[in-house]
Engineer: 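Here it is, the structure, as structure tokens.
Remember, predicted model here, so these are calculated numbers, not experimental data. So you know, we letter chains A, B, ... as the sequences are listed, proteins then strands, and number each from 1.
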2 protein chains.
Amino acid sequence: MRILIVEDDETLADGLSVGLRLQGFTPELVTCCADAREALAQGGFSAVVLDLMLPDGSGLDLLAALRAGGDRVPVLLLTALDQVRDRIGGLDAGADDYLGKPFDLGEVSARLRAIIRRAEGRASALLEWNGLRLDPSRMRGEMAGRELRFSRREFAVLRALIETPGVIVEKDRLEERLYGWQEGVESNAVEVHVHKLRAKLGAGFIETVRGVGYRLAEARP
Amino acid sequence: MRILIVEDDETLADGLSVGLRLQGFTPELVTCCADAREALAQGGFSAVVLDLMLPDGSGLDLLAALRAGGDRVPVLLLTALDQVRDRIGGLDAGADDYLGKPFDLGEVSARLRAIIRRAEGRASALLEWNGLRLDPSRMRGEMAGRELRFSRREFAVLRALIETPGVIVEKDRLEERLYGWQEGVESNAVEVHVHKLRAKLGAGFIETVRGVGYRLAEARP
DNA sequence: ATCTTCCACGATCAGAATCCGCATCGGGCC
DNA sequence: GGCCCGATGCGGATTCTGATCGTGGAAGAT
């Protein structure tokens with residue numbers, strides 16, 4: 001299983017790398033946000049070990065951007081032990097778990113296994129539903145022979161919905177997904193995007209569940 | 001959301017209880033494994049906060065027994081900070097997360113929210129009783145081949161009842177579930193929703209227990 | 001025991017109040 | 001220019017409220 005380690009402290013990074021290799025993982029190492037972004041864009045990692053403090057930015061921002069783009073790869077945060085506030089923010093930002101430094105190598109791999117196991121339950125490569133096919137890598141879709149294009153936000157909403165077709169996705173969760181943890185926007189942005197999506201997909205494709213959220217309709221009329 | 005706190009240290013337990021209540025949870029408190037077992041058998045908790053060291057046994061054993069019995073309620077372990085081995089063991093025993101003492105109250109609730117959210121994703125278990133099948137992820141039901149739809153409140157009441165079929169659910173508890181601990185309604189709102197449910201499910205499906213609450217009927221006439 | 005009375009609690013209903021989503025627009029920003 | 005955020009007013013679904021009516025069952029009488 002490929003694990004991406006994002007850590008600039010060389011000693012720590014090497015230790016992690018060796019330790020995880022011994023545990024049967026296949027770690028790859030990057031040392032800054034920019035490289036991490038690039039690696040993650042390729043995809044194919046089973047999980048990410050992410051340091052919060054990086055030379056070219058905060059790991060939290062990287063994480064938030066990742067989630068906003070719809071990537072749900074499991075993330076294990078590394079944080080200094082006393083940064084309680086960071087830790088809370090991390091979980092809300094979409095991290096699957098975190099670990100305070102200094103940490104035990106056995107614990108790192110136990111937690112990695114745990115979050116990977118959790119993530120497997122929700123994975124799916126093909127996004128397809130009710131005649132709509134979505135290509136996540138191109139942000140495009142296809143329906144009844146016509147190619148559909150979506151803006152970033154539109155696509156994020158649609159993707160969140162199609163990952164669990166038929167299942168209600170709470171509006172909170174959609175906002176969370178679009179904007180990250182920090183301060184759910186004080187507006188009807190989600191509704192607007194749903195509106196635009198309906199214009200492209202046809203009314204009836206996305207159902208409203210009043211007071212709760214949205215979901216994809218079970219069958220097309 | 002009802003949270004079961006299993007903790008024998010009175011100071012800690014009270015602190016947790018008050019803190020969680022302020023965060024919008026509805027905590028209930030037990031101080032030993034035996035009581036915890038009993039409470040858990042009733043079901044209806046959104047999560048469990050579990051201390052490892054209890055007067056009548058280890059929380060780990062309780063957890064293991066719980067999982068062995070098929071119960072997947074999210075569990076947050078409380079452990080002394082340096083017991084790394086316990087922590088790893090806890091994750092392997094089926095805990096969803098753990099927290100070292102001393103801990104920050106905000107962190108407890110952040111983690112609770114996180115594990116509850118996760119658990120909801122995997123739920124999708126159909127609730128079934130007496131010919132009614134309920135799908136919580138879709139807020140729909142099906143009975144005698146007919147699809148039933150419910151509003152949010154209706155569904156909340158019905159779900160509370162069907163989670164412990166045949167068991168009486170006090171009206172207070174229903175209100176609590178609908179409106180949170182604060183701001184109880186000053187009217188017969190619950191009764192109204194029960195009324196609407198009966199209209200959809202047929203009279204006799206929900207029984208009234210005068211002076212106490214409601215429950216689902218054992219068998220259909 | 002049986003019957004009657006009584007009353008607190010629940011059922012029912014309709015109108016009011018509230019909440020929520022939809023459509024639309026303008027301005028800021030990339 | 002395209003995209004996204006935030007605001008607004010409207011319309012409708014949902015929920016609450018309060019009044020009234022119905023009823024179970026206990027208390028007391030016979």
Side-chain angles (χ1 to χ4, degrees), chain A residues 64-65 67-70 138-141 147-161 168-180 182-217, chain B residues 139-141 148-161 168-180 182-217:
Chain A
R67 295 295 186 232
R138 306 190 152 281
M139 270 188 30
R140 302 249 173 108
E147 192 193 63
L148 298 172
R149 299 181 176 221
F150 303 97
S151 75
R152 203 160 46 97
R153 302 296 203 199
E154 284 167 19
F155 194 81
V157 170
L158 183 53
R159 179 168 180 166
L161 290 173
I168 299 172
V169 182
E170 289 85 11
K171 192 149 43 175
D172 285 355
R173 200 128 321 154
L174 287 173
E175 287 184 356
E176 205 175 284
R177 188 113 174 215
L178 292 196
Y179 310 110
Q182 53 183 189
E183 304 304 320
V185 284
E186 198 57 42
S187 96
N188 55 358
V190 169
E191 284 150 41
V192 173
H193 292 303
V194 169
H195 174 60
K196 293 187 163 181
L197 281 172
R198 288 212 249 241
K200 293 182 180 176
L201 300 169
F205 197 90
I206 300 177
E207 284 185 0
T208 302
V209 183
R210 220 188 136 75
V212 187
Y214 297 91
R215 68 152 167 211
L216 299 194
Chain B
M139 255 180 60
R140 297 233 175 127
L148 299 172
R149 300 187 178 213
F150 304 95
S151 76
R152 200 157 54 105
R153 301 293 204 206
E154 285 166 19
F155 195 82
V157 170
L158 182 54
R159 181 171 181 165
L161 290 174
I168 300 173
V169 181
E170 289 86 7
K171 198 166 4 186
D172 286 354
R173 188 135 308 163
L174 286 174
E175 286 187 359
E176 206 174 282
R177 184 120 172 199
L178 294 196
Y179 311 108
Q182 59 185 358
E183 210 79 38
V185 285
E186 27 189 284
S187 128
N188 53 359
V190 169
E191 282 144 40
V192 172
H193 291 301
V194 169
H195 174 61
K196 292 187 163 181
L197 281 173
R198 289 212 249 241
K200 293 182 179 175
L201 300 169
F205 197 91
I206 300 177
E207 286 183 355
T208 303
V209 183
R210 259 183 98 81
V212 188
Y214 297 92
R215 71 166 164 197
L216 298 193

Engineer: Quick one: is B/Arg153 getting a side-chain N or O under 4.0 Å of the D/dC16 phosphate, OP1 or OP2?
Structural biologist: yes
Engineer: So, taking the atom named CG in B/Asn188 and the one named NE2 in B/His193, what distance separates them when rounded to the nearest 0.5 Å?
Structural biologist: 10.0 Å
Engineer: For the pair made of CZ in A/Arg152 and P in D/dC4, what is the distance, rounded to whole Å?
Structural biologist: 7 Å
Engineer: Once you round it to whole Å, what is the distance between C1' of D/dC16 and CD of B/Glu154?
Structural biologist: 14 Å
Engineer: Using a heavy-atom cut-off of under 4.0 Å over every strand shown, decide if B/Val192 touches base, sugar-phosphate, or nothing.
Structural biologist: base
Engineer: State plainly whether the residues A/Arg149 and A/Glu147 are in salt-bridge range, i.e. N to O under 4.0 Å.
Structural biologist: yes
Engineer: Which is true for B/Phe150 with a 4.0 Å heavy-atom rule: it touches a base, it touches only sugar-phosphate, or it touches nothing?
Structural biologist: nothing
Engineer: Expressed as a whole number of angstroms, how long is the span from B/Glu175:CD to C/dC9:C1'?
Structural biologist: 14 Å
Engineer: Per the side-chain contact (heavy atoms from CB on, under 4.5 Å) rule, which among A/Ile168, A/Leu174, A/Val169, A/Val157 passes with A/Tyr214?
Structural biologist: A/Leu174
Engineer: Only one of A/Lys171, A/Arg215, A/Glu191, A/Arg198 passes side chain to side chain donor-acceptor pair (under 3.5 Å) with A/Thr208; say which it is.
Structural biologist: A/Arg198
Engineer: Which is true for B/His195 with a 4.0 Å heavy-atom rule: it touches a base, it touches only sugar-phosphate, or it touches nothing?
Structural biologist: sugar-phosphate
Engineer: Assign B/Lys196 to base, sugar-phosphate, or nothing according to its heavy-atom contacts below 4.0 angstrom with the strands shown.
Structural biologist: base
Engineer: Please determine, for the side chain of B/Ser151, which listed nucleotide (D/dT15, C/dT12, D/dC3) has the closest atom?
Structural biologist: D/dT15
Engineer: Counting just side-chain N and O atoms, does A/Lys171 come under 4.0 Å of either OP1 or OP2 of C/dC20?
Structural biologist: no
Engineer: Can you tell me the distance, in whole Å, between the CD1 atom of B/Ile206 and the P atom of C/dG10?
Structural biologist: 14 Å
Engineer: Side chain of A/Asn188 only, please: which of D/dC4, D/dT8, D/dT17 is the nearest?
Structural biologist: D/dT8
Engineer: If you compare all heavy atoms of B/Arg153 against all heavy atoms of B/Leu178, which two are closest, and at what distance to 0.1 Å?
Structural biologist: NH1-O, 3.1 Å
Engineer: Rounding to an integer number of Å, can you tell me how far B/Ile168 CD1 sits from C/dG10 P?
Structural biologist: 12 Å
Engineer: Contact class for A/Arg210 (heavy atom, under 4.0 Å): base, sugar-phosphate, or nothing?
Structural biologist: base
Engineer: What is the distance, rounded to the nearest whole Å, between atom CD of A/Glu191 and atom C1' of D/dT8?
Structural biologist: 13 Å
Engineer: Just call it for A/Arg149: base, sugar-phosphate, or nothing, with non-hydrogen atoms closer than 4.0 Å on any strand.
Structural biologist: nothing
Engineer: Within less than 4.0 Å of OP1 or OP2 of D/dC5, is there a side-chain N or O belonging to A/His193?
Structural biologist: yes
Engineer: Atom CG of B/Leu197 to atom P of D/dT14: distance rounded to whole Å?
Structural biologist: 13 Å
Engineer: Is there a side-chain contact between A/Tyr214 and the phosphate of C/dC22, meaning an N or O under 4.0 Å from OP1 or OP2?
Structural biologist: yes
Engineer: Without decimals, in angstroms, what is the distance between A/Leu158 CG and D/dC3 P?
Structural biologist: 15 Å
Engineer: Between A/Phe205 and A/Leu197, does a side-chain contact (heavy atoms from CB on, under 4.5 Å) hold up when you go through it step by step?
Structural biologist: CA-CA 9 Å; A/Phe205 197 90; A/Leu197 281 172; over 6 Å; no
Engineer: So, is B/Thr208 near the phosphate of C/dA11, with a side-chain N or O under 4.0 Å from OP1 or OP2?
Structural biologist: yes
